[in-house]
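For reference, the structure is listed below as structure tokens.
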Amino acid sequence: MRQRISLRLAFQLALLALAPAFLAAQDLIPVPSQMKVSGGRVVLGPATRLVAEGDARPVAERLRAYLQPATGLPLAIQERGREKQGGRDAVLLTLDPEASALGPEGYRLEAADGRIEIRAPKPAGLFYGIQTLRQLLSREVFRQAKADGVSWSVPACVIEDRPRFPWRGSHLDVGRHFLPKDFIKKHLDLMALHKLNVFHWHLTEDQGWRLEIKKYPKLTEVGAWRKETVLPVYWKADFAGQRLFDGTPHGGFYTQEDAKEIVAYAAERFITVVPEIEMPGHSTAAIAAYPELGNFPDRKVEVGTAWGVFRSTYGVEDSNIQFLKDVLDEVMAVFPSTTIHIGGDECPKSEWARSERALARMKREGMVPATATLADLQAYRNEKGELAEHPALHKLQAWFIRQVDAYLASKGRRLMGWSEILEGGLAPNAAVMSWLGEDAGIQAAKAGHDVVMAPESHTYFDYYQAKGNEPLAIGGFTPLEKAYGYDPMPAGLDAAQQRHILGVQGQLWTEFVSTPAKAEYMIWPRLAALAEVGWSPKGKRDPREFLGRLRVHLKRLDVLAVNYRPLDGAQSLPR
Ligand code: ACM
């Protein structure tokens with residue numbers, strides 16, 4: 001026993017001796033596909049120039065903007081033509097079409113002989129290379145003022161790196177709580193640091209419509225504001241129907257100019273902003289603004305003040321579809337993303353089952369016989385004899401989504417929706433975001449549709465991340481280890497089907513998140529774990545080793561003033 005202990009001690013001492021090179025190398029998140037560290041370091045100093053030309057130049061400018069505040073170095077940008085090959089004191093950003101084997105987002109970083117070269121076939125790869133370079137430097141590099149007494153150097157190394165998946169997303173619900181533009185920019189910066197590339201912006205909800213639509217001004221004049229918000233303990237209304245509210249109005253929206261600013265800010269960081277406009281459910285705020293959008297225009301609804309699934313849904317008249325096309329026209333003019341998310345989740349069919357106009361649509365489209373009545377729809381029982389949604393109502397939902405799918409496709413865009421868009425049959429061009437487990441994603445991939453895996457079990461960051469004294473969450477339990485352990489690639493798909501699994505995404509729903517500080521608490525570090533799931537080779541992932549790297553990485557997030565959840569629990573509890 002004694003001998004075993006001393007052997008272990010000797011081993012640990014040996015590891016410690018190797019530590020300086022290894023530690024710096026292994027603290028990268030996400031971990032690169034391949035990395036070899038050799039001895040020595042490459043120092044950035046007053047003579048260091050950035051060498052870039054053409055489409056590499058904006059990446060060099062970004063690198064200079066990243067490095068200059070803390071280092072105070074001049075980091076002049078020069079074109080390669082004026083720079084001797086092989087020169088020292090340079091960071092070379094080289095676009096190299098011959099390096100296409102690295103893929104559209106891959107890069108090779110070599111630090112040796114007094115210089116650093118990042119080579120990539122595309123600017124995105126150079127951009128991910130500079131994210132790695134930032135992490136290789138002392139964490140003081142993340143300061144926004146000159147940090148004195150720091151040696152700006154990286155270990156001599158060769159890194160070859162490329163993402164496992166092309167869709168590495170972060171979703172943010174700004175419907176339940178409006179979150180300010182500056183917070184979103186900070187979040188985009190953090191996404192870039194973690195090599196995430198899709199910001200899924202959930203812009204409309206029962207409780208708030210958050211995007212200016214010029215043709216329908218009441219969407220924000222009315223729909224962006226609620227008169228109050230249910231107090232958390234009452235949200236399930238299980239106190240004999242009693243609910244208490246905070247009596248405080250809440251709201252806000254982004255003008256189209258705000259949204260364009262976000263899109264441009266994201267694009268500079270190689271992030272695509274995918275907007276989500278919810279339909280046919282989660283549409284109470286829009287119907288509060290324009291009652292004719294609902295199934296019962298004489299019935300007034302208010303912008304939602306509580307949580308849960310609301311009964312209001314869009315009607316199925318041509319005018320309803322036209323409204324959504326008009327909205328999407330403005331959305332497409334602001335958001336260049338090919339993918340446009342239309343929600344499609346949690347749409348109760350109870351209004352359609354009570355609407356003569358919906359019944360007429362179902363008859364016209366041949367979904368029910370001409371003799372069908374609303375009573376038939378409402379009395380439907382499934383094979384177990386339970387009252388259930390009539391299959392024709394699912395067909396009606398599928399019809400609704402097909403109209404929008406065809407419209408988006410005619411404009412060169414591609415519809416994406418949550419799991420439930422499979423109900424009644426998937427629209428021909430649709431992509432699926434699988435949140436109710438992976439089944440919808442697997443079915444869609446097998447049918448040749450693209451899929452993003454976002455199962456609530458592993459990727460919902462509105463769930464608790466620890467037991468015990470944690471800030472209020474909506475429920476669930478998704479500790480860091482669980483997010484880290486997720487594998488987006490389901491078993492049982494052939495190679496062609498696997499190519500339809502575009503990637504993975506973390507979700508933040510904000511019923512109980514009303515401030516940027518709490519949003520960061522819920523998102524980080526779980527999103528760092530998921531970033532590695534999306535980027536790094538599966539075989540490179542090791543939960544214990546990740547935790548070691550994460551401890552160092554969290555110190556970077558400290559410098560960046562990110563209110564992440566500390567690994568050993570909350571020190572202060574953000575509301
Ligand atoms: C969802 O969580 N309703 C997509």
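All figures in this text were calculated on a predicted structure; none of them were measured in a lab. Both counts, for ligands and for their atoms, begin at 1 and track the order of listing. Hydrogens, waters and symmetry mates are skipped; everything else that's a heavy atom, side chains included, is used.
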Should the pair F546 and Y484 be assigned to parallel (<30°), tilted (30 to 60°) or perpendicular (>60°) ring geometry?
parallel
Whether F323 and Y290 hold their rings parallel, tilted or perpendicular, with breakpoints at 30° and 60°
tilted
Step by step, would you call E456 with Y463 a side-chain hydrogen bond (donor to acceptor under 3.5 Å, both in side chains)?
CA-CA 9 Å; E456 49 86 28; Y463 287 3; 2.7 Å; yes
The protein heavy atom nearest to atom 2 (O) of ligand 1 is Y460 OH, 2.6 Å
Residue E346 vicinity, atoms of ligand 1 by number, heavy atom under 4.0 Å:
3 (N)
Counting non-hydrogen protein atoms only, what is the nearest one to atom 3 (N) of ligand 1? Give residue, atom name and distance.
D345 OD2, 2.6 Å
Applying side-chain hydrogen bond (donor to acceptor under 3.5 Å, both in side chains) to D326 and Q322, what does each step give before you reach the verdict?
CA-CA 6 Å; D326 293 342; Q322 188 56 48; 2.9 Å; yes
